[in-house]
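Please read all numbers here as calculations on a predicted model, not as lab measurements.
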Amino acid sequence: MNTIAIVDYGMGNFHSVARALRAAAPDADVRICRDAASIDQASRVVFPGQGAMPDCMRTLDASGLRDAVVRAARSKPLLGVCVGEQMLFDHSEEGNAACLGLFAGKVKRFAGPQYAVLSDELAGTQASAGQARDTARTADSPAMRSPAIVSPATPGHAQELLKVPHMGWNRVQQTQQHPLWKGIPDRTHFYFVHSYYAEPADSALTVGVSHYGLDFTCAVAKANIFAVQFHPEKSAGTGLQLYRNFVDWNP
């Protein structure tokens, strides 16, 4: 039996991920796991996350599951999703938080003159409330773009600024071939909700790139690990295909 452990450390949309995995792989044994033994016994692991990075790391440590996640990352197929992808790196600008350090690199915030902030509250978070509210938006057309706002740049002129957090469908360019891209055309739309993105120290880790004011890494892979910034469980049939590929993957 192919047993899939979804790591439940208290900060993630675990039930949405479980429903998507069960739809993608009805013959698999999908479990939401809150103890290290269950994660150790699983044949593969999904590591989701949402919320502010300091809270995610603090909650992961408090759950007692950190070591189990690290063991899984070194020994079996592991899929990181959203903040779960970011947590694999060394450090996040969000709250100056130390992460798991499985990949060299840092997590950076969308910043620059091309961006506007929705509010001070959202600026400093991963828009966790927005992530929870935004599930219903996945029925929208994949052609949808994250909306921009118009802000005065200079007297008599207007400049279109991109909202942060980045919320909506966006294309993913596959920069390397990988078994998890099987059956997914290049530049397919996936669903994003985030204010931060991973910047690997080694560009060879990057297997997918998207664009939102700048090109940013949205998928990384090395050995038995594949991780994405977007939400496969909110990405309709394409997201289910990626989950199906993960279930069938034998690195």
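To the nearest 0.5 Å, atom NZ of residue Lys76 and atom CD1 of residue Ile4 are 12.0 Å apart. Atom CZ in Phe230 sits 11.0 Å away from atom SG in Cys82 (nearest 0.5 Å). Here the straight-line distance linking atom CG of Asp29 with atom CG of Leu21 works out to 11.5 Å at 0.5 Å rounding. From Met167, atom CE reaches atom OG of Ser195 across 9.0 Å, with rounding to the nearest 0.5 Å.
Nearest heavy-atom pair, Ile39 versus Ala72, reported as atom, atom and distance to 0.1 Å: CG2-CB, 4.5 Å.
A distance-only check finds no donor-acceptor pair linking the side chain of Arg171 to the backbone of His189 [under 3.5 Å]. When atom types are taken as modelled, the side chain of Arg22 and the backbone of Ala28 share no donor-acceptor pair closer than 3.5 angstrom. Panel note: side chain Asp90, backbone Gly105; a donor-acceptor pair is recorded below 3.5 Å.
Salt bridge Arg71/Asp40: present, at least one basic N to carboxylate O contact under 4.0 Å. With salt bridges taken as basic N to acidic carboxylate O contacts below 4.0 Å, none links Arg58 and Asp61. Under 4.0 Å is where a charged nitrogen must lie from a carboxylate oxygen, and between Lys108 and Glu199 at least one such pair does.
Two rings, from His166 and Tyr115, have their centers 6.0 Å or more apart. Taking the six-membered ring wherever Trp is involved, the centroid distance between the rings of Phe246 and Phe226 does not fall below 6.0 Å.
Looking only at atom types and distance, the side chain of Gln229 has a donor-acceptor partner in the side chain of Gln86 under 3.5 Å away. With hydrogens and angles left out, the side-chain atoms of Glu233 and Tyr243 include a donor and acceptor closer than 3.5 Å. Side-chain contact, Asn245 with His178: no donor N or O sits under 3.5 Å from an acceptor N or O. Neither side chain, Thr206 nor Thr175, offers a donor N or O lying under 3.5 Å from an acceptor on the other.
The 12-atom threshold is not exceeded at CZ of Arg31, counting heavy atoms of other residues, nucleotides or ligands nearer than 6.0 Å.
The cationic group of Arg34 does not satisfy the cation-pi geometry with Tyr9, failing either the under 6.0 Å distance to the six-membered ring centre or the 45° limit from the ring axis.
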